[in-house]
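Here is the structure we will look at, set down as structure tokens.
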Amino acid sequence: MPQYLLAIDQGTTSSRAIIFSAEGLPVARAQQEFRQYFPQDGWVEHDGEEIWSSTLEVCRKAIAESGLDSAEIAAIGITNQRETTLVWEAETGKPIHPAIVWQDRRTADYCAGLKGEGHEAMVAAKTGLLIDPYFSATKLRWILHNVPGARERAQRGELRFGTVDSYLLWHLTGGKVHRTDASNASRTLMFNIHQQCWDEELLALFDIPASLLPEVLDCAADFGHTDSQLLGASIPVLGMAGDQQAALIGQACFEPGMVKSTYGTGCFMIQNTGEQPVSSKNRLLTTVGYRLDGKVTYAVEGSIFVAGAAVQWLRDGIKLISHARDSEALAEATGDACGVYLVPAFTGLGAPYWDPKARGAIFGLTRDTGIKEIVTAGLQSVCYQTCDLLEAMRQDGAAAPSALRVDGGMVENNWVMQFLADILGVSVERPEVTETTALGVAYLAGLKLGIYSDLQAIASHWHRQQRFEPRMSEEQRARLYAGWLDAVKRVRSEG
Ligand SMILES: Nc1ncnc2c1ncn2[C@@H]1O[C@H](COP(=O)(O)OP(=O)(O)O)[C@@H](O)[C@H]1O
Ligand SMILES: O=P(O)(O)OC[C@H](O)CO
């Protein structure tokens with residue numbers, strides 16, 4: 001009997017469910033966008049109840065669309081926007097505060113204080129991360145400090161903390177299971193990536209009671225069974241990974257040195273570094289790529305907060321375009337060298353700058369600048385930021401990758417893909433299945449189920465759809481990139 005895998009991909013802007021065949025081909029999918037809340041400058045929130053209801057809805061829709069019986073779904077994998085922080089009541093499953101999203105900068109001053117007190121080296125040594133509002137710990141601390149009674153309730157054991165994977169698992173299992181996986185745990189700033197456990201010294205630093213935290217398992221593990229009332233059968237959840245690590249798996253980047261870059265709301269470039277954690281001298285993150293059978297494969301990551309979100313802003317914020325895909329024709333009409341630079345530091349700058357107080361700007365406007373130039377500059381900003389990450393990896397001594405495997409919603413845009421190859425001077429490879437995040441976690445569930453014997457069996461399913469070769473002159477590339485570096489310098493808060 002054929003076996004099907006249901007992947008839940010709970011992203012920043014939408015919840016998705018995709019059913020894959022054992023060959024890694026999508027057979028049915030459903031997607032639902034949900035509201036973004038921006039209550040103050042630099043704050044970004046989601047409604048936890050909407051995260052859960054939209055996820056349940058898309059799972060039901062995908063199963064209905066597939067025509068399968070729920071019992072034919074052999075296993076579920078969960079992948080998610082990472083770092084986003086939820087605290088909920090154990091009794092009811094209700095969040096006590098809106099989810100504080102990974103992009104949210106409200107804890108910038110607290111983070112600056114911790115850095116000033118000299119904690120950064122210790123935190124980096126244990127977690128592979130930096131002290132930045134991006135990660136979960138300071139968001140969790142903010143909730144405990146600002147929601148009346150939360151700290152006392154946490155101490156009484158009435159509350160649970162989780163990233164979105166953990167929150168969804170809690171609800172899918174009918175409020176029975178409080179678990180996460182090592183890749184998600186490695187993004188919280190509370191997890192020791194060398195010892196693979198929650199770290200007491202870090203919990204003390206952030207003032208977090210250990211009773212709030214989920215149990216941490218491998219990425220392919222028995223996470224629990226769904227409540228049979230929800231999806232029509234009790235289905236085992238066997239795979240879990242943060243979305244960027246899931247994309248590393250979906251892109252079959254299993255050899256040290258292989259790199260993938262995902263272009264969704266943000267952009268995240270991850271390089272597999274094998275069994276040893278590699279620490280960056282250029283402010284890239286060291287993180288858990290995946291953990292299987294207790295064995296950790298580490299990765300180096302560059303995180304950019306605004307990629308597709310810049311296109312969303314062009315569409316919904318200043319309404320220069322009606323659809324994201326319209327940006328492609330406008331950029332084709334503009335060409336590479338319009339002289340306009342858009343730095344989309346709407347929520348500060350991520351890697352390699354880590355400047356939470358930087359804000360966005362547009363430079364190089366002239367009397368004849370129009371919509372198409374500004375839209376093109378928005379698309380180019382995503383490619384220039386990728387260039388910043390690759391430069392940081394190069395300066396860390398990493399060999400240039402033979403090709404960059406790309407995925408995520410933005411990679412449909414051929415103009416962006418060509419400009420990316422040009423500005424990086426590296427070939428860009430787009431796979432046949434670009435929903436690699438969902439695919440990666442379906443693979444993890446299939447691995448636990450025994451559908452795939454090992455990672456090599458998974459790698460054999462990866463197929464290239466198109467390769468974009470660099471064709472820009474070195475002189476042009478250097479000139480355009482120098483303009484970008486100059487623009488970034490001008491938005492930095494730290495000079
Ligand atoms: N053709 C396109 N050109 C440029 N950007 C696009 C295009 N299609 C989608 N996007 C952008 O890609 C993002 C959606 O990608 P997706 O991987 O679904 O994001 P997420 O998982 O973060 O919710 C949106 O921000 C959208 O603006
Ligand atoms: O929702 P995405 O795809 O933009 O991914 C968000 C990241 O996991 C944040 O670290």
Side-chain angles (χ1 to χ4, degrees), residues 7-16 18 29 31-34 36 44 46 51 54 58 79-85 99-104 129 132-136 139 163-165 183-184 186-189 241-248 250 260-270 285 287 301-317 320-332 344 346-347 350-351 375-376 378-383 406-420 430 434-441:
I8 295 173
D9 179 0
Q10 205 302 305
T12 310
T13 56
S14 72
S15 301
R16 270 171 292 210
I18 306 182
R29 74 191 297 281
Q31 177 165 3
Q32 197 171 305
E33 290 202 5
F34 55 86
Q36 309 288 314
V44 188
H46 291 160
I51 287 182
S54 61
V58 293
T79 184
N80 54 290
Q81 51 166 321
R82 307 167 303 167
E83 299 97 12
T84 297
T85 298
I100 303 186
V101 178
W102 56 275
Q103 295 162 316
D104 191 292
L129 309 175
D132 188 85
Y134 178 27
F135 308 106
S136 315
K139 300 180 196 289
T163 41
V164 171
D165 53 306
S183 72
N184 271 299
S186 76
R187 314 296 299 183
T188 59
L189 214 62
D243 57 7
Q244 303 310 320
Q245 284 93 337
L248 190 73
K260 75 89 204 177
S261 201
T262 300
Y263 297 88
T265 303
C267 159
F268 302 87
M269 186 190 267
I270 301 194
L285 309 172
T287 201
E301 171 175 323
S303 324
I304 300 170
F305 299 143
V306 175
V311 181
Q312 267 176 346
W313 176 75
L314 293 166
R315 185 193 63 184
D316 307 336
L320 296 189
I321 49 176
S322 310
H323 303 284
R325 64 176 175 278
D326 297 346
S327 60
E328 185 167 348
L330 290 172
E332 270 164 14
F346 304 140
T347 54
V375 171
T376 303
L379 296 180
Q380 288 177 311
S381 73
V382 177
C383 306
V406 296
D407 54 75
M410 254 191 117
V411 306
E412 278 171 35
N413 189 315
N414 287 323
W415 189 90
V416 171
M417 294 300 96
Q418 184 56 52
F419 187 75
L420 184 63
R430 186 168 60 193
T434 52
E435 294 273 16
T436 44
T437 300
L439 183 59
V441 83

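Computed from a prediction, not measured in an experiment: that's the story for all the values here. Basis for what follows: all heavy atoms, side chains included, without hydrogens, waters or symmetry-related copies. Ligands are counted one by one from 1 in listed order, and the atoms in each one are counted from 1 as well. For this chain, numbers begin at 1 and follow the sequence in order.
Close approach of ligand 1 to Gly264 (heavy-atom distance below 4.0 Å) involves ligand atoms 15 (O), 16 (P), 17 (O), 19 (O), 22 (O). Residue Thr265 approaches ligand 1 through these ligand atoms, each under 4.0 Å from one of its heavy atoms: 19 (O), 20 (P), 22 (O), 23 (O). If you number the atoms of ligand 1 from 1 as listed, the ones under 4.0 Å from a heavy atom of Ser327 come out as 3 (N), 4 (C). Numbered from 1 in the order shown, with element, the atoms of ligand 1 that lie under 4.0 Å from a heavy atom of Ala309 read 25 (O). Residue Gln312 has at least one heavy-atom neighbour below 4.0 Å for each of these atoms of ligand 1: 25 (O), 27 (O).
For the pair Val58/Arg16, no side-chain contact is recorded, criterion being any heavy-atom separation below 4.5 Å from C-beta on.
Of the protein's non-hydrogen atoms, the one nearest atom 7 (C) of ligand 1 is Ala324 CB, 3.7 Å. Looking from atom 3 (N) of ligand 1 to the surrounding protein, the closest heavy atom is Asn413 ND2, 3.1 Å. In terms of protein heavy-atom proximity, atom 1 (N) of ligand 1 is closest to Arg325 CA, 3.5 Å. From the protein, the heavy atom lying nearest to atom 18 (O) of ligand 1 is Arg16 NH1, 3.0 Å. The closest protein non-hydrogen atom to atom 26 (C) of ligand 1 is Gly308 O, 4.1 Å. Atom 11 (C) of ligand 1 has Met410 CG, 3.8 Å as its closest protein atom, hydrogens excluded (heavy atom only). The protein heavy-atom contact nearest to atom 23 (O) of ligand 1 is Thr13 OG1, 2.5 Å. For atom 17 (O) of ligand 1, the closest heavy atom belonging to the protein is Gly409 N, 3.0 Å.
Under a 3.5 Å cut-off, the side chain of Lys139 and the backbone N or O of Thr188 do not form any donor-acceptor pair. A donor-acceptor contact shorter than 3.5 Å links the side chain of Thr79 to the backbone of Ala241. Side chain of Asn413 to backbone of Met410: no donor-acceptor contact under 3.5 angstrom is found. Under a 3.5 Å cut-off, the side chain of Arg430 and the backbone N or O of Val411 do form a donor-acceptor pair.
When every heavy atom of Ala324 is checked against every heavy atom of Arg315, the shortest pair comes out as N-CD, 4.1 Å. Ser136 and Thr163 make their closest contact through OG-CG2, 3.8 Å (heavy atoms, listed as atom of the first residue, atom of the second, distance).
In summary, the side chains of Glu33 and Ser14 do not present any donor paired with an acceptor at a separation below 3.5 Å, with no hydrogens or angles considered. Judged by distance alone, the side chains of Thr262 and Asp243 never bring a donor and an acceptor atom under 3.5 Å apart. In the model, Thr287 has a side-chain atom that pairs as donor or acceptor with a side-chain atom of Arg187 under 3.5 Å.
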Under the criterion side-chain contact (heavy atoms from CB on, under 4.5 Å), I'd like the reasoning laid out for Gln36 against His46: C-alpha separation, chi angles, the key distance, then a yes or no. CA-CA 6 Å; Gln36 309 288 314; His46 291 160; 2.9 Å; yes

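Rounded to the nearest 0.5 Å, atoms OG (Ser322) and CG (Asp316) are 10.5 Å apart.
Listed as neighbours of ligand 2 are Gly11, Thr12, Gln81, Arg82, Glu83, Trp102, Tyr134, Asp243, Gln244, Thr265, Gly266, Phe268, each bearing a heavy atom under 4.0 Å from the ligand.
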